[in-house]
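I have placed the structure first, in the form of structure tokens, so that the comments after it can refer back to it.
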Amino acid sequence: MTDQRNTSTPIDPVKLDRLAEVAVKVGLGLRPGQDLLLTAPAIALPLVRRIAVHAYKAGAGIVTPILSDEEMTLARYRHGHDDSFDRAANWLYEGMAKAFSNNTARLAIVGDNPMLLSGEDASKVARASKANSMAYQPALEKIVNFDTNWNIIAYPSPSWAKQVFPNDPEEVAIGKLADAIFAASRVDRDDAPANWASHNAVLRERTNWLNGQRFRALQYSGPGTDLTIGLADGHEWEGGASLSKNGISCNANIPTEEVFTTPHCRRVYGHVVSSKPLSYQGTLIDNIAVRFEDGRIVDAKASRGEEVLNKVLDTDEGARRLGEVALVPHSSPISQSGLLFYNTLFDENAASHIALGQCYSKCFVNGAQLTPQQIAAQGGNQSLIHIDWMIGSAETDIDGILADGSKVPVFRKGEWAK
């Protein structure tokens with residue numbers, strides 16, 4: 001990446017506009033007359049405005065933005081009353097859930113400093129997170145169950161850019177992070193929607209093959225890892241574009257390099273170590289090492305952030321069980337960039353990963369027709385959290401285990417075996 005740029009405009013406006021177009025046309029597949037609820041950091045207003053333009057050009061009904069601000073967030077932690085950290089804006093999330101029930105599309109722009117809360121009281125951070133997770137459940141259920149079309153994209157805020165590129169001047173860091181976001185989001189070239197169509201086709205080939213195999217489990221081996229992840233009964237692999245219950249095809253994450261499904265939350269055995277750090281609410285959790293028995297984490301360690309990790313695991317009963325398993329080749333563009341983004345939207349696409357907590361009902365055959373009780377009976381997990389962390393590397397081998405116990409190579413040395 002070149003540093004020879006106009007420092008007054010470190011973010012390429014053409015590519016920013018492409019990202020907005022891709023978010024509306026590919027990420028959301030927004031339909032004429034459909035309303036859009038958008039959340040974003042206030043610093044991301046240049047992108048928010050371009051999204052509004054493309055949304056209204058696509059026939060959007062009403063575009064409603066909800067903005068956050070880092071300084072206001074910090075003000076709460078530094079001056080807020082102690083009791084307030086056990087509360088959240090329930091009314092806001094109830095309104096969101098009602099909007100999603102009425103076919104409103106959901107778009108989230110991420111970009112806040114991932115280490116914003118690193119210097120704040122860890123107990124307050126944990127309490128506020130739990131209260132927010134509980135309040136958000138009505139809206140979150142609509143999202144994870146794909147009741148409506150939704151999408152997440154990113155904006156290169158100054159604070160985030162300096163976290164990723166700490167040795168560069170702020171304007172240079174912003175430009176570098178912007179270029180990395182545009183490349184990973186596949187908008188660094190002409191005709192980005194067509195490029196996304198080709199990428200989605202490749203991911204669909206992978207999911208079709210995996211769904212045809214009907215594996216009972218996946219077996220992982222590599223340095224520090226000997227892990228068997230049972231797959232949920234009637235699981236279905238997803239990747240790239242997904243069909244939401246309102247009949248609209250959307251790409252929930254931009255970027256995305258993964259294919260994923262639901263593990264059986266009671267059939268995970270063995271031990272595994274993380275291959276990359278996990279950035280979680282201002283804490284970098286590194287060298288995670290856990291051991292599973294009957295699907296539950298019974299021992300967890302980390303060289304850094306272990307106290308926070310264990311607080312996360314104690315969120316609820318489902319927090320110690322898996323809700324997602326995802327396959328990503330080591331050669332993915334985000335992996336090859338060599339960057340740690342400190343943001344799961346990007347970092348999860350650098351390596352195969354697993355997620356603690358809530359499962360996606362979408363990842364079941366006829367998932368839209370299943371009740372929560374049926375999903376639980378088939379091995380789907382329930383939790384207030386959903387936290388992805390990376391376990392794949394260039395040394396990871398993965399085998400699929402068939403119903404008769406025979407094995408089929410899936411990954412060898414971090415790459416697809418076929």
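Owing to the predicted nature of the structure, the values given are computational and were not obtained by experimental measurement.
In the model, Ser335 has no side-chain atom that pairs as donor or acceptor with a side-chain atom of Ser332 under 3.5 Å. Of the N and O atoms on the side chains of His353 and Glu258, at least one donor lies less than 3.5 Å from an acceptor on the other residue. Side chains of Glu415 and Ser331: a donor on one and an acceptor on the other come within 3.5 Å. Residues Thr39 and Arg106 have side chains that bring a donor and an acceptor to within less than 3.5 angstrom of each other. Side-chain contact check for Ser101 and Lys142: at least one donor-acceptor pair (N or O, by modelled atom type) lies under 3.5 Å. Asn102 and Thr104 share no side-chain donor-acceptor pair at under 3.5 Å. Checked by atom type, the side-chain pair Gln382/Asp316 shows no donor-acceptor distance below 3.5 Å. Side-chain contact check for Asn251 and Asn151: no donor-acceptor pair (N or O, by modelled atom type) lies under 3.5 Å. Checked by atom type, the side-chain pair Ser159/Asn113 shows no donor-acceptor distance below 3.5 Å. Using a 3.5 Å distance cut-off with no hydrogens or angles, the side chains of Asn246 and Asp147 do not pair a donor with an acceptor.
The aromatic rings of Trp416 and Trp209 lie perpendicular to each other, with more than 60° between the two planes, well past the 30° mark. In this pair, Trp237 and His235 present their aromatic rings perpendicular. The plane angle is above 60°, beyond the 30 to 60° band.
A salt bridge links Arg78 with Glu120: the closest approach of a Lys/Arg side-chain nitrogen to an acidic carboxylate oxygen falls below 4.0 angstrom. Taking 4.0 Å as the cut-off between side-chain N and carboxylate O, Asp82 and Arg127 count as a salt-bridged pair. Under 4.0 Å is where a charged nitrogen must lie from a carboxylate oxygen, and between Asp314 and Lys130 no such pair does. A salt bridge does not link Asp347 with Lys276: every distance from a Lys NZ or Arg NE/NH1/NH2 to an Asp or Glu carboxylate oxygen is 4.0 Å or more. In summary, Asp17 and Lys15 do not engage in a salt bridge, as defined by a charged side-chain N under 4.0 Å from a carboxylate O.
Heavy-atom minimum distance, Pro263 versus Ile229: CB-CG2, 3.6 Å. Ser84 and Arg76 get closest at one heavy-atom pair: O-NH2, 2.8 Å. Scanning both residues, Val26 and Pro193, for their nearest heavy atoms gives CG2-CA, 4.0 Å. Of all heavy-atom pairs between Ile51 and Val24, the closest is O-CG2, 3.9 Å. Considering every non-hydrogen atom in both Ile254 and Trp196, the closest pair reads CG2-CZ2, 3.8 Å. In terms of heavy atoms, Asn200 sits closest to Ala241 at OD1-N, 3.3 Å.
Between the Ser244 side chain and the Phe146 main chain, no donor and acceptor come within less than 3.5 Å of each other. Put simply, the side chain of Thr283 never gets that close to the backbone of Ile285: no donor and acceptor are under 3.5 Å apart. The backbone N or O of Ser123 sits less than 3.5 Å from a side-chain atom of Asp121, completing a donor-acceptor pair. Formation of a donor-acceptor pair under 3.5 Å by the Thr371 side chain with backbone atoms of Gln374 is found in this model. In this structure, the side chain of Lys25 does not engage the main chain of Gly29 through any donor-acceptor pair within 3.5 Å. His271 places a side-chain N or O within 3.5 Å of a backbone atom of Gly224 that can act as its donor or acceptor partner. Looking only at distances, no side-chain donor or acceptor of Asn253 sits under 3.5 Å from a matching main-chain atom of Thr256. When atom types are taken as modelled, the side chain of Trp150 and the backbone of Cys250 share no donor-acceptor pair closer than 3.5 angstrom. Under the 3.5 Å distance criterion, the side-chain polar atoms of Thr228 are left unmatched by any main-chain donor or acceptor of Tyr269.
Taking CG of Leu67 as the start and CD1 of Ile109 as the end, the distance is 9.0 Å to the nearest 0.5 Å. Note: Phe100 CZ to Asn149 CG = 10.0 Å, rounded to the nearest 0.5 Å. To the nearest 0.5 angstrom, Leu278 atom CG is 11.0 Å from Glu348 atom CD. The structure places CG of Leu116 at 9.5 Å from OG of Ser157, a figure rounded to the nearest 0.5 Å. Atom CD1 of Ile391 and atom CD1 of Ile288 lie 11.0 Å apart (nearest 0.5 Å). Taken from CG in Leu210 to CD in Glu238, the straight-line distance is 11.5 Å, to the nearest 0.5 Å.
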Without placing hydrogens or testing angles, list every side-chain donor-acceptor pair under 3.5 Å for residues 182-190, not counting sequence neighbours.
from   : atom 1 : to     : atom 2 : distance (Å)
Ser185 : OG     : Ile181 : O      : 2.8
Arg186 : NH2    : His199 : ND1    : 3.3
Arg186 : NH2    : Glu257 : OE1    : 3.4
Arg186 : NH2    : Glu257 : OE2    : 3.0
Asp190 : OD1    : Arg18  : NH2    : 2.8

Exercise answer: donor-acceptor pairs, residues 306-313 side-chain atoms, under 3.5 Å, sequence neighbours excluded:
from   : atom 1 : to     : atom 2 : distance (Å)
Glu306 : OE1    : Ala302 : N      : 3.1
Asn310 : ND2    : Glu306 : O      : 3.1

Distance-only donor-acceptor pairs under 3.5 Å for side chains of residues 354-368, two or more places apart:
from   : atom 1 : to     : atom 2 : distance (Å)
Gln358 : OE1    : Ser383 : N      : 3.1
Ser361 : OG     : Asn145 : OD1    : 2.5
Lys362 : NZ     : Leu243 : O      : 2.3

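Gln34 has its side chain within reach of Thr148: a pair of non-hydrogen atoms, C-beta onward, lies under 4.5 Å apart. Inter-residue side-chain proximity for Met96 and Ile66 is flagged as met; some heavy-atom pair is nearer than 4.5 Å. Between Val125 and Phe85 the shortest side-chain heavy-atom distance does not fall below 4.5 Å. Counting heavy atoms from C-beta on, the side chains of Leu345 and Pro255 come closer than 4.5 Å. Using a 4.5 Å cut-off on side-chain heavy atoms (C-beta onward), Leu340 and Phe346 make no contact. Taking 4.5 Å as the limit, every side-chain heavy atom of Tyr155 sits out of range of all side-chain heavy atoms of Pro41. Considering only heavy atoms from C-beta on, Val172 stays 4.5 Å or farther from Pro10 through its side chain. Under the 4.5 Å side-chain criterion, counting only non-hydrogen atoms from C-beta, Ile174 is in contact with Glu171.
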Taking it one step at a time, do Ser129 and Gln281 satisfy side-chain hydrogen bond (donor to acceptor under 3.5 Å, both in side chains)? CA-CA 9 Å; Ser129 175; Gln281 295 188 342; 2.9 Å; yes
What do the steps show when you test Val298 against Val290 for side chain to side chain contact (heavy atoms under 4.5 Å, CB included), and what is the final call? CA-CA 8 Å; Val298 294; Val290 301; over 6 Å; no
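Within a 6.0 Å sphere centred on CZ of Arg87, other residues, nucleotides and ligands contribute 12 heavy atoms or fewer. No more than 12 heavy atoms of other residues, nucleotides or ligands shown are found within 6.0 angstrom of CD1 on Ile62. No more than 12 heavy atoms of other residues, nucleotides or ligands shown are found within 6.0 angstrom of CE on Met134.
When ring centroids are compared, Tyr136 and Tyr93 come within the 6.0 Å threshold. Residues Tyr220 and Phe411 place their aromatic rings such that the two centres sit no closer than 6.0 Å.
Exactly one of Arg206, Glu205, Arg204 qualifies for a side-chain contact (heavy atoms from CB on, under 4.5 Å) with Asn208. That residue is Arg204.
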